[in-house]
Amino acid sequence: MSTQTAHLGIRGMSCANCSQTISDALESRDGVSETTVNFATDDGTVEYDPETITLAEIYETIDEAGYEADRASRSIGITDMSCANCAETNEAALESVPGVVDAEVNYATDEATVAYNPADVSLESLYEAIEEAGYTPVRDEGSEDESDQDRRDAARQAEIRKQLRLTILGAVLSAPFLFFLADKFLLGGTHVPETVFGVTFGWVEFLLATPVYVLLGREFLVNSYTALVRNRTANMDVLIALGSSTAYVYSLVVLLDLLAGNLYFDTAAMILVFITLGNYLEARSKGQAGDALRKLLEMEAETATLVDDEGTEEEVPLEDVAVGDRMKVRPGEKVPTDGVVVDGQSAVDESMVTGESVPVEKEAGDEVIGSTINENGVLVVEATKVGADTALQGIVQTVKEAQSRQPEIQNLADRISAYFVPAVILNAIFWGLVWFLFPTTLAGVVDAVPVLDLVGGGPDALSTFEFAIVVFASAVLIACPCALGLATPAATMVGSTLGAQNGVLFKGGDILERARDVDTVVFDKTGTLTTGEMTLTDVVALEGAAAATDGGETAADGGAVVTRESLDENEVLRLAASAERNSEHPLAQAIVDGAEERGLELSDPDEFENVPGQGVRTTVEGRDVLVGNRRLLEGAGVDPAPAAGEMERLEREGKTAMLVAVDGAVAGAVADADTVKEGSADAVAALRERGLDVVLLTGDNERTARAVAERVGIDPDDVRAGVLPEDKADAVADIQSTGRKAMMVGDGVNDAPALAVAHVGTAIGSGTDVAIEAADVTLMRDDPLDVVKAIRVSEATLAKIKQNLVWALGYNTAMIPLASLGLLQPVLAAGAMALSSVSVLSNSLLFRRYTPDRDYELLGRFRR
């Protein structure tokens, strides 16, 4: 048994018992031979058998024990990959490096995402693993001003240029073959001589084809050798090398008079030209698929205008801006980095981040997002986030991570790809042998099929061996694992980027897939369907009357009689607001703001007392004032009964009502309400039109919850009220226990446990907080309608993936039998092979035109 030792930094330990807990958890796992965990140094070592337990499982064990082992993540560009099998080879190579927790390689983006133990793994060791597998990593070298993304873009552009050069070279050298073929099939063979200067014309074809075979075929031959000998696997390069080499070597043998037959130098050359052209178009399409993210990064401002306390301005490079710096942003300029407005007022175009086409008004105290465009006024912005911490960089990183995590449907393609190339080679060998051994029988079967015989006469026109060679080459070349490997990642790459452009961030391609399957949407109330900001909505003044108290004149029932003074609404509000001036409670602040908006002059209260859970007791201008609930008044001996009817009405409307008592008698009531967001009712309507159940989950009381549900269109039976934050996860789990798949939509803070439990957790962000860990999906805007947008992007992406898979699988299902039956020339098979992968990428690129706002148009909410 070979063992490995992992040196781990461990976070979250608070005492020696913690270290013992981790040791016990690890040592309970099969394959772990010894552990040492040191609480004092926050680290540990684990000796384990990698054949029995993986490092990923060790990390998972530590996580399940309630602690966290240090891990780093790195994205590495890889060139020279030709199909999904190459991606799997690189994954295996990276995961074989001791200390690597997990590796995912995306063939569509030419990138590897590696999670590893930073104590045991160096970046160089990852590069070496990729190189030993026969591929080229994009190394983190060069100018300090050059970003990692810049290096990858440069590598991709270099690959595009290389494939273009090879394609042009091959096309120029192969162009004469087109004339030769035209003469042979269309002109009766009268223009091409049989000999040139006494030498067989075949040598001319040899001289034209050999440079193409050497220059264009070298890469496929080398990669095939690496795949077969070093990695013990087979990829697309093996198929191309087999097909082109078969045609070239067979022709050379015939040319040397070692075998009788026709020459296929034209086929060998044109196979490589078609495939190289396909590689060029594929590389170009991959670059186009990533254009949206690059354009997003290019929208970053290059400089910022800093201002100091004296008003002195200085233009500096963006990288020199630090947190706390103040920047002047003039009309038409980009906001350099995330910040908060400290002076000025303007409208800011945030469409490049949130997808919202209407500019957003900004004033002092409002947050702004870096790279958005200031429309009209001058703003002074204090930087709050710079560099990699900005919203834009966060979006780009989130999308990249999403592209590296593929949907479950990719597993189908991966399983097929793993056996695809060997199966194709075996199929080609089988049919080649069958045609060689039973040519007459098979020819009779093929002749009975009403399809065009593209080979040119079949076995009757060619020797049996030659026809078997043609069938073998065609059957090898027609198969295309590229199209299958590109089907899912290409669509996922475009879908995740499309979501980001519309203000919807998916944490992974697997989330894109899961969002489509949601059948129930669970909304939190405060901050999700409502603004979360209390506003004064009602002021009620009661008419004067007699009321019994505990002192003074005796009434018939034994109580004291007081006369309630008649106060108008403004006076009731003025006294209530004055009483609440010293309170920091949101309900109190809404009352104060409401009074100030009406222009009422407030007084400072005396003897202020905050009664937790009930309200405030104070003296205003010598008068005893109480503002709070029924318990507050009853505790002070004030009868709340005269206001009972109004209180019930206000609460029935979903408002938070508070009684106002003055000098021992109830004088009226004030009410606050959390304002329902403009798009909430439209969002619920759109979801219900799609056949989804919509549930309201809130900690508010039943009456308030039902009132909000009624306003937004949620069925009263789908309201779950009085649920504490810590119990929301159980409520979501209960909903899903019946087999439903729920999307929980919340603010990402108090709702974190529920977001984590849900089939899809969706957090509504503020536009600058884009990394809510508990959520699977983050909505950049505070609009619930974006939930519909997220589901639409998910559905569209999965539809595009299925289109690609149907094309890739359908192409191979239809074409492989045709080639096996001898109905395709090898050169046509090669052209079809190149076209298939290009068509899948082109179909994915067309997805960039998709707009997820159609439901909004039906609601009259948005226009395309």
Identify the heavy atoms of [X] and [Y] that sit nearest to each other, and give their distance.
| X | Y | result |
| --- | --- | --- |
| Val386 | Val321 | CG1-O, 3.7 Å |
| Gly594 | Leu536 | CA-CD2, 3.8 Å |
| Ala347 | Pro359 | CB-CB, 3.9 Å |
| Glu375 | Pro331 | O-CB, 3.9 Å |
| Ser680 | Thr528 | OG-O, 4.4 Å |
| Thr337 | Thr390 | OG1-CG2, 3.2 Å |

Hey, are the side chains of [X] and [Y] touching, using non-hydrogen atoms and a 4.5 Å cut-off?
| X | Y | result |
| --- | --- | --- |
| Asp309 | Arg326 | no |
| Lys789 | Val504 | yes |
| Ser583 | Phe608 | yes |
| Asn106 | Met493 | no |
| Leu600 | Glu596 | no |
| Leu379 | Lys328 | no |
| Val777 | Leu505 | no |
| Val341 | Val380 | no |

Hey, is [X] close enough to [Y] for a salt bridge, meaning N to O under 4.0 Å?
| X | Y | answer |
| --- | --- | --- |
| Lys162 | Glu159 | yes |
| Lys677 | Asp783 | no |
| Asp776 | Arg514 | yes |
| Glu350 | Lys362 | yes |
| Glu313 | Arg330 | yes |

Short side-chain to backbone donor-acceptor contact, [X] and [Y], under 3.5 Å:
| X | Y | result |
| --- | --- | --- |
| Asn502 | Gly499 | no |
| Thr618 | Asp606 | yes |
| Thr303 | Pro317 | no |
| Ser794 | Ala790 | no |
| Thr312 | Asp308 | no |
| Asp682 | Glu678 | no |
| Ser603 | Val620 | no |

Reported [atom1]-to-[atom2] distance for the pair [X] and [Y], which is rounded to 0.5 angstrom:
| X | Y | atom1 | atom2 | answer |
| --- | --- | --- | --- | --- |
| Phe506 | Leu498 | CZ | CG | 9.0 Å |
| Glu302 | Glu319 | CD | CD | 9.5 Å |
| Glu382 | Asp343 | CD | CG | 12.0 Å |
| Met658 | His585 | CE | NE2 | 9.0 Å |
| Leu126 | Arg74 | CG | CZ | 9.0 Å |
| Leu846 | Leu841 | CG | CG | 11.0 Å |

What do the steps show when you test Thr384 against Asp338 for side chain to side chain donor-acceptor pair (under 3.5 Å), and what is the final call? CA-CA 6 Å; Thr384 56; Asp338 294 0; 5.8 Å; no
Do other residues, nucleotides or ligands put more than 12 heavy atoms under 6.0 Å from Arg711 CZ?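 Incorrect, the count does not exceed 12.
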Does CZ belonging to Arg11 count more than 12 external heavy atoms closer than 6.0 Å?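 Atom CZ in Arg11 is crowded, with more than 12 foreign heavy atoms closer than 6.0 Å.
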For a salt bridge (charged side-chain N to carboxylate O under 4.0 Å, His left out) check, start with the C-alpha distance between Arg139 and Glu124, then their side-chain angles and the critical distance, and finish with the verdict. CA-CA 9 Å; Arg139 291 177 173 269; Glu124 186 60 32; 2.9 Å; yes
Glu111 vs Ile78, side-chain contact (heavy atoms from CB on, under 4.5 Å): CA-CA, chis, key distance, verdict: CA-CA 6 Å; Glu111 283 188 346; Ile78 302 176; over 6 Å; no
Go through it in stages, so that I can follow the logic: the residues are Leu512 and Ser496, the test is side-chain contact (heavy atoms from CB on, under 4.5 Å), and I'd like the CA-CA distance, side-chain angles, deciding distance and then a yes or no. CA-CA 8 Å; Leu512 266 169; Ser496 55; 4.3 Å; yes
Do Met327 and Thr305 pass the side-chain contact (heavy atoms from CB on, under 4.5 Å) test, and can you show the C-alpha distance, the side-chain angles, and the key distance before you say yes or no? CA-CA 5 Å; Met327 307 166 290; Thr305 302; 6.0 Å; no
Please lay out, stage by stage, how Asp102 and Tyr116 fare under the test side-chain contact (heavy atoms from CB on, under 4.5 Å). CA-CA 7 Å; Asp102 181 56; Tyr116 58 92; over 6 Å; no
side-chain contact (heavy atoms from CB on, under 4.5 Å) with Phe523: which of Thr698, Leu687, Leu697?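 Only match with Phe523 under side-chain contact (heavy atoms from CB on, under 4.5 Å): Leu687.
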Criterion side-chain contact (heavy atoms from CB on, under 4.5 Å) against Asp672, the qualifying member of Asp593, Ile591, Asp538, Thr537: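 In the set Asp593, Ile591, Asp538, Thr537, the residue that makes a side-chain contact (heavy atoms from CB on, under 4.5 Å) with Asp672 is Ile591.
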